[in-house]
Every structure is written in structure tokens, then in C-alpha cells.
**Student:** 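My questions will all concern the structure given below.
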Amino acid sequence: MSAVHPSPILTGCDRLLRAPKRVADRTTALLAHGAAVTADGRPIHLALQQAGAAPHVLFAPEHGYYGVEQDMIPGREQRDPWTDIPIRSLYGEDEGSLHPDPSAFDDIDLLLIDLQDVGSRYYTYVATAVWATEVALAAGVEVWVLDRPNPLGGEHIEGNRLPTAFNSFVGAFPIPVRHGLTIGELFRFEAARRGWDRAGLTVWAMAGWRRAMTWSDLERPWIAPSPNMPTYATAVLYPGGCLLEATTASEGRGTTRPFQLIGAPWIDDPPALAADVRRALDRSGGEDVVALPTYFRPQFQKHAGLRCGGVELVAPPRVARAAGLAAYRFGVHLLACLRDASQRAAAVDGSGDVDWGWRREPYEFVTDRPAIDLLTGDPRVRAQLDAGVAGNDIVAAVEDDWRRDERAFRDAREPHLLYPSTRHEIR
């Protein structure tokens, strides 16, 4: 793939703020978060206020409007301290809270959506936005989606399309794990699939963004869209690293390097694990990613306060080639590496302190299906891991089906693209 040279872009937010009169006389609700900033670094709700188009209400996705809540922590009603605009949470105590009540749109005639996605099916912001849009359109409220870049670029597609039986908040759409769509394009895809009246939905496309661009090609700082997405390197690793949420091992939450630090208290030979992970990276196109044996101590969530042996995944500064890492396939290999390391530790330990296995707590309000199945949408992965099958053989067993889904989705998404594919697109 040819190099992509940095080029200034205008997001949908930037374009809207060049024409603030379009919203000055509207009664607007804004669904956004702390990463929704202008090119000059102003939060969108403050920029709109300064332009004489202040929103009447702010809607907050998971993690809250300011991105301060950890995963699966309910949001609360509050007021913005700078503008006194009320904030309503779209992530509460139960599954019903994920869909706003129609009364939330009383006296509202326009819903603005400005959310930074990370290009992975599990990330919940697009589900919140689509479900809010469904309610808004039914209430006769117009919806404008302000588009932002997909940090992983628009060319790589990876993984199986999610079957309906595995729909959840972390898998709301029949798309691969890495879909290569911007949030605006995903909205167009869903609008067609759901049969929405497109007259009520407008996507404000970006200017200057091209499909081959990853975040390292943009002239913009990375602003964490959620508490455990602190860097672009985190986003690159997340399509695979998120699978660890479904296990008893730590995915690094409670540390400063989530999804880069992986391990557990019973991992007693980090160098051996690192060697296994290194081989998994090589099989997955991650030659530029370093697997560093290490120890870490989570301060909260899994294994809080305990020293964990494990591996730190260290990406190069620009992560340019790492964006081509087959991160989802690597995630399957990673699960097998941790399973094998745990079994080795159990054979040596013999005390029963090794607790490798699948998550037992509810996962995003779901209790009737294993979290790993919700994430993969393919129970064969769990079954083969339980059977002790090697990571390479697990990937080989599902590879044909995944590639077929990847090709089918590439064709299915084509009519909904806002930014044309290039001749360098990887198939």
C-alpha cells in the first residue's frame, strides 16, 4: 500500500461550525462526548454555544459525557458545569436504558450526533447513536450525524459478520469486527438495512479524509474517546485485546495501558508467554509490535491490587504498519496463548490458585450467553479453546468462513461509502 501523506481534514463538526446559522434557530439535542472537539480543540457543545447555537440538552453515551466512568458504570443526570445545559444519560442500570424514551425528544426538532468511534464492532457508541436515532426519527425529529475518521482506516476488513443470534450492545450490527467504515458510513448502511426514511437523516461528511488514512496520517492529536482507549496504539490492538474481557485474565483495565498489558496473577513465566505471543504476532502481521515480558498491578477491576505476570504489547511510535495487524485473528491466538500459559502454571502449582476460564459475571446486561460468544459471534472459537486446540488451528478452522464474510461485507458496504475506495485497497 502506498504511503499516505498527512493532509488537513475537516470533520463533520468542523464543517457545521462553518455554517452555524443552520442550527441557530433549531431546538437541538446533542449526543456527544469529550473526544468530540473542533480542529482548534474546543468541545463541540462549547463551540456551538460560542456560535450562538447552544444545544438545549446533551445526551451522554456509555462512560458519560466527559468519559470519566469505567465500563458498565451507569451514567447519571447532571448539568454541564460550563453551560448549565442538562445532561441525560443513555447508559443506565439496565438494558432498557440503552434506548431513550420518546419523551426525551419532547420539544426537540434536531438531534446532532458527534461521536469518535474506534473502528471495532464491540465499541458501543455507534449502537447508542443508532438506537437514539431510531427513536428520534419515529418522534419526527431530524437527525444530523457529524462524521469523524475511522482511526484504523477504511480499507481493512476483518472477521465474521455478526449473526443475529448474538446481537447485543457490544454487537448491534451484522458487520465484521473491523468494518472499515466511518460512523457516517455505518449510519448509511444501517439506514438502508432498517428502511429508514432518509429524508430525516443527514450525514455531514468530512472533507479531506481518504480511506487509506489511519490516525497516524492525520494532523490531529489523539483524545481518548473512553477511559480505556488512551492512545491510538490502544485502538490498533483493541479488536483482538477486547476478547480478553470475556476471560478471567486481565486485559489491563485498572492500569495506564489497557489492552496493551495482559496477564494474570497465576502467570509465573512471563518470558515463555512473551515467546508464544511473539509467534502469534508474526502469524498475524504484527511484526512491528513488541511482546515484552512484564509484571503489572491493576488498581481496580480484575485482580485489583494483585501482581500479574504477563506481557506488554508495545507498538512503534506511529504504528503505521501495525494498523495492518490482523488484530482480531491475533486476539484468538492471544486467548490460546493465555490458556496454554495458565495450564502450564496449573501443572506446576497444583494448589488450585489458577483461575483461567470464561467471564462469569453479566456482560453488558446479558446473562444468557457467554461474553466470548457475544464478542466473536462464532461459538466455534470458544468450543475449540475449551478443547485445547492450538490457536493456529482455531484460526484455520474459521478462516474460510471469515474470509467469505469479509468479501461479502466489502460488497455490501460499497453503496453506502462516502469516501471512495482506492486501487490500493486490501482484499
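Just so you know, these numbers come straight off a predicted model, no measurement behind them.
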**Student:** Considering non-hydrogen atoms only, spot the tightest contact between S250 and K302 and give its length.
**Tutor:**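 Nearest heavy atoms, S250 then K302: CA-CD, 4.1 Å.
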**Student:** Please check this pair: side chain of S97 against backbone of G92, looking for a donor-acceptor N/O pair closer than 3.5 Å.
**Tutor:**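 The answer is yes, because a donor-acceptor pair under 3.5 Å joins these two groups.
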**Student:** What's the spacing between L181 CG and I175 CD1 if we round to 0.5 Å?
**Tutor:**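 Separation between the atoms: 7.0 Å.
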**Student:** Between E69 and R76, does any side-chain N to carboxylate O distance fall below 4.0 Å?
**Tutor:**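 Looking at E69 and R76, the cut-off is not met.
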**Student:** Could you check D373 against Y363 for side chain to side chain donor-acceptor pair (under 3.5 Å), going step by step and ending with a plain yes or no?
**Tutor:** CA-CA 11 Å; D373 290 2; Y363 188 55; over 6 Å; no
**Student:** Do V23 and L110 have side chains that get closer than 4.5 Å, going by heavy atoms?
**Tutor:**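 They are in contact (side-chain heavy atoms under 4.5 Å apart), so the answer is yes.
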**Student:** Donor-acceptor pair, distance only, cut-off 3.5 Å: does the side chain of Q116 make one with the backbone of P149?
**Tutor:**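 Confirmed, Q116 side chain pairs with P149 backbone.
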**Student:** Charged N to carboxylate O under 4.0 angstrom, D401 versus R161?
**Tutor:**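 Between R161 and D401 there is no salt bridge, as every charged N stays at least 4.0 Å from the carboxylate O atoms.
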**Student:** What about W356 and W266, are their ring centers closer than 6.0 Å?
**Tutor:**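 Ring centres of W266 and W356 not closer than 6.0 Å.
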**Student:** Looking at F59, F187, F169, which hits ring pair (Phe, Tyr, Trp, His ring centres under 6.0 Å) with W131?
**Tutor:**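 Of all the options given, the one that passes is F169.
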**Student:** Without hydrogens or angle criteria, can the side chains of W209 and D147 be said to hold a donor-acceptor pair below 3.5 Å?
**Tutor:**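 No, no side-chain donor-acceptor pair sits under 3.5 Å.
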**Student:** What is the minimum heavy-atom distance between I87 and R79, and which atoms define it?
**Tutor:**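 Smallest interatomic distance, heavy atoms only, reads CD1-C, 4.2 Å.
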**Student:** Scan for salt bridge (charged side-chain N to carboxylate O under 4.0 Å, His left out) pairs involving residues 128-138, sequence neighbours excluded, and state none if there are none.
**Tutor:**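 Non-adjacent pairs meeting salt bridge (charged side-chain N to carboxylate O under 4.0 Å, His left out): E134-R194.
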**Student:** Apply the ring pair (Phe, Tyr, Trp, His ring centres under 6.0 Å) test between F189 and each candidate in W196, F409, F173; give the one that qualifies.
**Tutor:**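 Testing each of W196, F409, F173 against F189, the sole residue satisfying ring pair (Phe, Tyr, Trp, His ring centres under 6.0 Å) is F409.
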**Student:** Check whether any side-chain heavy atom of P298 lies under 4.5 Å from a side-chain heavy atom of C308, and answer yes or no.
**Tutor:**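 A side-chain contact under 4.5 Å exists here.
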**Student:** Which distance, rounded to the nearest 0.5 Å, do you find between the CG of L48 and the CG of L16?
**Tutor:**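 Interatomic distance, L48 CG to L16 CG, rounded to 0.5 Å: 6.0 Å.
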**Student:** Verify ring-ring contact (aromatic ring centres under 6.0 Å, His included) between W215 and W222, making sure each step is shown before the conclusion.
**Tutor:** CA-CA 8 Å; W215 196 270; W222 179 266; 5.1 Å; yes
**Student:** Decide, yes or no, whether a salt bridge links R278 with D282 under the criterion of side-chain N to carboxylate O below 4.0 Å.
**Tutor:**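 D282 and R278: salt-bridged.
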**Student:** I want to check something: taking the side chain as every heavy atom from C-beta on, are P86 and L58 in contact at a cut-off of under 4.5 Å?
**Tutor:**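 Not touching, per the 4.5 Å side-chain cut-off.
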**Student:** List the steps and the verdict of side chain to side chain donor-acceptor pair (under 3.5 Å) for E406 and N160.
**Tutor:** CA-CA 7 Å; E406 289 161 2; N160 54 309; over 6 Å; no
**Student:** Do we see a donor-acceptor contact under 3.5 Å between the side chains of T294 and E312?
**Tutor:**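 No donor-acceptor contact under 3.5 Å links the two side chains.
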**Student:** Could you label the plane-to-plane angle of the Y65 and H45 rings as parallel, tilted or perpendicular, counting under 30° as parallel and over 60° as perpendicular?
**Tutor:**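 Perpendicular, since the angle between the ring planes exceeds 60°.
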**Student:** For this output row, return yes or no: ring centroids of Y232 and Y238 closer than 6.0 angstrom.
**Tutor:**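 Ring centroids of Y232 and Y238 are no less than 6.0 Å from each other.
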**Student:** When you measure from the side chain of T248 to the backbone of D355, do you find a donor-acceptor pair of N or O atoms at a distance under 3.5 Å?
**Tutor:**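 Pair found, side chain donor or acceptor close to backbone of D355.
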**Student:** Does CG in D107 sit with more than 12 non-hydrogen atoms of other residues, nucleotides or ligands closer than 6.0 Å?
**Tutor:**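 12 or below, so no.
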**Student:** Go through the steps for S103 and D106 under the test side chain to side chain contact (heavy atoms under 4.5 Å, CB included), then give the verdict.
**Tutor:** CA-CA 5 Å; S103 63; D106 288 351; 3.7 Å; yes
**Student:** For A191, is there any backbone N or O sitting under 3.5 Å from a side-chain donor or acceptor partner on R188?
**Tutor:**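 No: the side chain of R188 does not pair with the backbone of A191.
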**Student:** Carefully, step by step, assess L152 and V236 under the rule side chain to side chain contact (heavy atoms under 4.5 Å, CB included).
**Tutor:** CA-CA 7 Å; L152 305 182; V236 170; 4.1 Å; yes
**Student:** Determine whether a donor-acceptor pair (N or O, by modelled atom type, separation under 3.5 Å) exists between the side chain of D109 and the backbone of V141.
**Tutor:**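 Side chain of D109 to backbone of V141, a donor-acceptor pair under 3.5 Å: no, none is there.
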**Student:** Does any donor atom in the side chain of T376 or D378 lie under 3.5 Å from an acceptor atom in the other side chain?
**Tutor:**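 No, D378 and T376 have no side-chain donor paired with an acceptor closer than 3.5 Å.
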**Student:** Please identify which of these residues, H416, R211, H179, R413, meets the side-chain hydrogen bond (donor to acceptor under 3.5 Å, both in side chains) condition with E185.
**Tutor:**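 That would be R211.
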**Student:** Restricting to pairs with a member in residues 239-250, which pass salt bridge (charged side-chain N to carboxylate O under 4.0 Å, His left out), not counting sequence neighbours?
**Tutor:**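 Non-adjacent pairs meeting salt bridge (charged side-chain N to carboxylate O under 4.0 Å, His left out): E245-R253.
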**Student:** For a side chain to side chain donor-acceptor pair (under 3.5 Å) check, start with the C-alpha distance between T83 and D80, then their side-chain angles and the critical distance, and finish with the verdict.
**Tutor:** CA-CA 6 Å; T83 63; D80 176 60; 2.6 Å; yes
**Student:** Thinking salt bridges, do D405 and R403 make one under a 4.0 Å N-O criterion?
**Tutor:**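 Salt bridge: no.
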**Student:** Search all heavy atoms of R178 against all heavy atoms of L325 and return the closest pair with its distance.
**Tutor:**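 In this case the closest contact between R178 and L325 is NH1-O, 2.8 Å.
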**Student:** Going through the distances and angles, do N228 and Q70 end up as a side chain to side chain donor-acceptor pair (under 3.5 Å)?
**Tutor:** CA-CA 8 Å; N228 289 286; Q70 290 296 323; 2.8 Å; yes
**Student:** Using only atom types and a distance under 3.5 Å, with no angle test, would you say the side chain of Q299 pairs donor to acceptor with the backbone of T255?
**Tutor:**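 No, the answer is negative, given that no donor and acceptor are paired below the 3.5 Å cut-off.
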**Student:** Could you please spell out the steps behind the side chain to side chain contact (heavy atoms under 4.5 Å, CB included) verdict for L335 and T247?
**Tutor:** CA-CA 9 Å; L335 292 177; T247 75; 3.6 Å; yes
**Student:** How close do Y328 and L375 get, counting heavy atoms only, and between which atoms?
**Tutor:**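 Answer, listing the atom of Y328 first, then L375: OH-O, 4.3 Å.
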**Student:** Do R26 and E142 have side chains that approach each other closer than 4.5 Å (heavy atoms only, starting at C-beta)?
**Tutor:**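 Yes. Closest side-chain heavy atoms under 4.5 Å.
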**Student:** Quick check: do V277 and L334 have side-chain heavy atoms less than 4.5 Å from each other?
**Tutor:**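 Contact flag for V277/L334 side chains = yes.
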**Student:** Can any side-chain N or O of S120 pair as donor or acceptor with the backbone N or O of Y122 at less than 3.5 Å?
**Tutor:**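 Between the backbone of Y122 and the side chain of S120 there is no qualifying donor-acceptor contact (under 3.5 Å).
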**Student:** Are L243 and V381 close enough that some pair of their side-chain heavy atoms sits under 4.5 Å apart?
**Tutor:**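 They are not in contact (no side-chain heavy atoms under 4.5 Å apart), so the answer is no.
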**Student:** Could you tell me whether R148 and D14 have a side-chain N and a carboxylate O separated by less than 4.0 Å?
**Tutor:**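 D14 and R148: not salt-bridged.
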**Student:** For a 4.5 angstrom cut-off between non-hydrogen side-chain atoms, does R42 reach V37?
**Tutor:**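 Side-chain contact under 4.5 Å: no.
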**Student:** Which is it for L115 and T128 under the side chain to side chain contact (heavy atoms under 4.5 Å, CB included) test, yes or no, and what are the steps along the way?
**Tutor:** CA-CA 10 Å; L115 295 165; T128 294; 5.5 Å; no
**Student:** Any chance you could lay out the ring-ring contact (aromatic ring centres under 6.0 Å, His included) test for Y125 and Y91, step after step, and finish with the verdict?
**Tutor:** CA-CA 10 Å; Y125 292 152; Y91 187 86; 10.0 Å; no
**Student:** Which heavy atom of Y419 sits nearest a heavy atom of A205, and at what distance?
**Tutor:**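 Nearest pair, atom of Y419 first, then A205: OH-CA, 3.5 Å.
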**Student:** Looking at V57, is its backbone amide N or carbonyl O close enough to the side chain of R88 to form a donor-acceptor pair, meaning the two atoms are under 3.5 Å apart?
**Tutor:**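 No, R88 side chain to V57 backbone: no donor-acceptor pair under 3.5 Å.
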**Student:** Judged by atom type as modelled, is there a donor-acceptor pair below 3.5 Å linking the side chain of E158 to the main-chain atoms of R329?
**Tutor:**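 It does hold such a pair.
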**Student:** How close do Y123 and P225 get, counting heavy atoms only, and between which atoms?
**Tutor:**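 Smallest heavy-atom distance, with atoms named: OH-CG, 3.3 Å.
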**Student:** So do the side chains of Y66 and H33 get within less than 4.5 Å of each other, counting heavy atoms only?
**Tutor:**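 No, every pair of side-chain atoms sits at 4.5 Å or beyond.
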**Student:** Could you check whether any side-chain N or O of S284 sits under 3.5 Å from a backbone N or O of G286, counting only pairs where one atom can act as donor and the other as acceptor?
**Tutor:**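 Absent.
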